There are 2 protein chains.
Amino acid sequence: MHDVGLAVGVSAITVSRALYSPERVSDTLRSKILEAVDRLGYVPNRSARALASARSQTVLVLIPSLTNTVFIDTLAGIEDVLRPAGYQMLIGNTHYSAGEEMQLLRAYLEHQPDGVLVTGLSQPPEFAQTLERQGIPAVYMMDLTADGRRCVGFSQEDAGEAITRHLLERGRRRIAFMGAQLDERVLKRLDGYRKALRAAGRYDAALEDLDPAPSTMQMGADALTRLLQAHPDCDAVFCCNDDLAIGALAACQRLGLAVPQRMAIAGFNDLQPAGWVTPPLTTVATPRYRIGTEAARLLLASIAGEADAVTCHDLGFTVMPRASS
Amino acid sequence: MHDVGLAVGVSAITVSRALYSPERVSDTLRSKILEAVDRLGYVPNRSARALASARSQTVLVLIPSLTNTVFIDTLAGIEDVLRPAGYQMLIGNTHYSAGEEMQLLRAYLEHQPDGVLVTGLSQPPEFAQTLERQGIPAVYMMDLTADGRRCVGFSQEDAGEAITRHLLERGRRRIAFMGAQLDERVLKRLDGYRKALRAAGRYDAALEDLDPAPSTMQMGADALTRLLQAHPDCDAVFCCNDDLAIGALAACQRLGLAVPQRMAIAGFNDLQPAGWVTPPLTTVATPRYRIGTEAARLLLASIAGEADAVTCHDLGFTVMPRASS
DNA sequence: CATTTTCATGTTAGCGCTAACATTTCAGGT
DNA sequence: ACCTGAAATGTTAGCGCTAACATGAAAATG
């Protein structure tokens, strides 16, 4: 910065201002400075800037997985808001582990992020305390809470309930639940499923197939086969995500079971393939991209110190009835 | 750091050493310091550390897309090597745009990354020059080159040629090419396709369907329909990726064309759904995860200043013949 | 027991930048 | 010509940390 200044005949601080507070430097001088910056190939040092200004212009984003389209879509939304605002994202992959999440928070806190975006609400109390102590605002994504934390999402439980009710309305009587990963969101969908079935007097715990391993299509196929062996009267299954559902669909085809006549299948998320398999998959469309944009906007407002009237944004969900049910 | 030192009765530098050069502090003192760090909730400031030490312990990763599983898998490989080595990733999404790539490089250079991992080889000369000038080592991923740049990947052209030859060997005579996005890798696969067909005396430019828009399954379906209308004698199609291929497959089913009897379909990448659609998709399996790990390892070696004998790692590919051909 | 070597810890200075205050310049009014 | 105040630019100090050298204490050596 000093060298650029020398080249133009001004002091370093004027170069700094030309770059970051353009209105404080006269137009002629500023264009001369920018030209010199370009000519000399000067690259500002963000560490020094962060150190001197106590603002990193960086936001930490913690998501459970990079291989799950759901979070990638959310990330895209976040980026589309943060980038234009001059913020950079630090992406931390928690691998669905609370321990790793805490560890990542610690590690990334060293970057002094101006804010944090987190997936889910079930962090250990230590998590919020750490952020509190550092005075870093956070927004929680994907789900809702009434405990005062800022959040953007939809009710996972209501969504689980809604899709189960859809299956009931289509005349299904023995509706199974297929769950993998068993993170908090899946468990809340399971709660919704139970609520709907209990209300209809049709709940049977034996019809729940839960596997803590990450979901794959193979797992969906295996689980469906197992389920039908144990419960031949089962006539529908709500899979906690589309991957499992597509695997289940393939298994039905392999077993020669007509979908939806003999077996109805519902997924969750409405990923691209859901509309493409045959028969097209009934599922719940979730506003992933918008969760990203809204969460990022809410966070930026918090960083700017704007006290927001609404701390909890419910973006809803949509049951997508298709041929698989 | 000074406060932690005060709490234990040592100077700040000893705290620094206890954290980052443990062998230089006696065991008893170190454990006392670490205890105080924990008790006081001290979080080191990475900016200050980077500024003082001139090393950021950060690697910049530039990939064209976050929604493409191919790059996510590569990212996972990179992370698995970089994290244990104490490096953090900065992920830049170039959206397949050379302009954005250059812009991202500029922006992220402000973090003074210790190294850069880039997808592809076709950056403007300015790109390599900028890195050169800053003395930052780079590794290029996904493809191969003989121009001396460090790279880890496989020959996109050979892979395109191999899968096309596979279709020829299965007796196909009018083999179309379906391409989207048209980034350098797709164009190289196209080159391989042309090479194979020309060698067999069966090349026909009219059978190439190229669309610069990002690929979707819908696009694959549309392109196949269009292709068959214009060229009813077409009996096979090599799609530049699995998404297009799955869309094409669905279109065939919709049109009542038997796959593979009437129409053979081949994809590229061997993503999870390729083995799950019916019929299972013939495709080319690519070593995405390993490209990530090997590229990261090569970069770390370069950062450490180890002159590597091999600058170009060819990890190969595998044609996966399945029922769709 | 003096001398050397090793190990553990401390002191000083500075990384590149910006906040806060200080100074200069200049347009506009008297 | 002088004054005033706003706009443009400069000076000083310090953000939190570590490199490099300095010191002191303990261990090894003859």
Side-chain angles (χ1 to χ4, degrees), chain A residues 1-34 36-37 40-58 86 88 106-114 133-136, chain B residues 1-34 36-37 40-58 86 88 106-114 133-136:
Chain A
M1 210 167 243
H2 179 74
D3 290 349
V4 174
L6 272 186
V8 182
V10 299
S11 70
I13 189 71
T14 306
V15 178
S16 170
R17 289 204 267 253
L19 289 171
Y20 301 111
S21 334
E23 76 286 353
R24 298 195 52 191
V25 175
S26 69
D27 286 354
T28 32
L29 184 53
R30 181 155 51 88
S31 62
K32 267 203 286 185
I33 291 175
L34 294 182
V37 162
L40 299 174
Y42 165 70
V43 176
N45 184 323
R46 215 177 165 97
S47 298
R49 184 164 152 75
L51 189 59
S53 69
R55 314 197 57 234
S56 63
Q57 292 280 106
T58 290
Q88 289 197 351
R106 284 256 170 66
Y108 282 109
L109 236 40
E110 297 189 1
H111 288 272
Q112 325 285 124
D114 295 337
R133 185 145 64 164
Q134 309 274 330
I136 300 174
Chain B
M1 209 167 243
H2 179 75
D3 290 349
V4 174
L6 272 186
V8 182
V10 298
S11 70
I13 190 71
T14 306
V15 178
S16 170
R17 288 203 268 254
L19 289 171
Y20 300 112
S21 335
E23 75 287 353
R24 299 194 53 192
V25 174
S26 69
D27 286 355
T28 33
L29 185 53
R30 181 156 50 89
S31 61
K32 266 202 288 185
I33 292 174
L34 294 182
V37 162
L40 299 176
Y42 165 69
V43 177
N45 183 323
R46 214 176 166 100
S47 297
R49 183 163 153 73
L51 189 60
S53 70
R55 312 197 57 236
S56 64
Q57 292 281 105
T58 289
Q88 288 197 351
R106 284 256 170 67
Y108 281 108
L109 236 39
E110 297 188 0
H111 288 272
Q112 324 285 123
D114 295 337
R133 184 145 65 163
Q134 309 274 331
I136 300 173

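Throughout, a chain's letter reflects where its sequence line sits, starting with A, and its residues are numbered from 1. Reckoned from all heavy atoms, side chains included, excluding hydrogens, waters and symmetry mates. In this text the structure is predicted, and so the values were computed from the model without any measurement.
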Each nucleotide of nucleotides 16-27 of chain D classed B (base within 4.0 Å of a protein heavy atom), S (only sugar-phosphate) or -, in 5' to 3' order, makes BBBB--------
In whole angstrom, give the distance that lies between atom CD1 of B/I33 and atom P of C/dA8. 12 Å
For the side chain of B/S56 and the backbone of B/Q112, is there at least one donor-acceptor N/O pair under 3.5 Å apart? yes
Is there a side-chain polar atom (N or O) of A/S26 under 4.0 Å from OP1 or OP2 of D/dT9? yes
B/L109 and B/I136: side-chain contact (heavy atoms from CB on, under 4.5 Å), yes or no, with the steps? CA-CA 9 Å; B/L109 236 39; B/I136 300 173; 3.8 Å; yes
Smallest heavy-atom separation, B/I33 atom then B/V4 atom, equals O-CG1, 4.2 Å
Any chance you could measure A/R49, atom CZ, to B/S47, atom OG, to the nearest 0.5 Å? 11.5 Å
Hey, does B/V25 have a side-chain heavy atom less than 4.5 Å from the side chain of B/V10? no
Respond yes when some side-chain nitrogen or oxygen of A/T14 is under 4.0 Å from OP1 or OP2 of D/dG10, and no when none is. yes
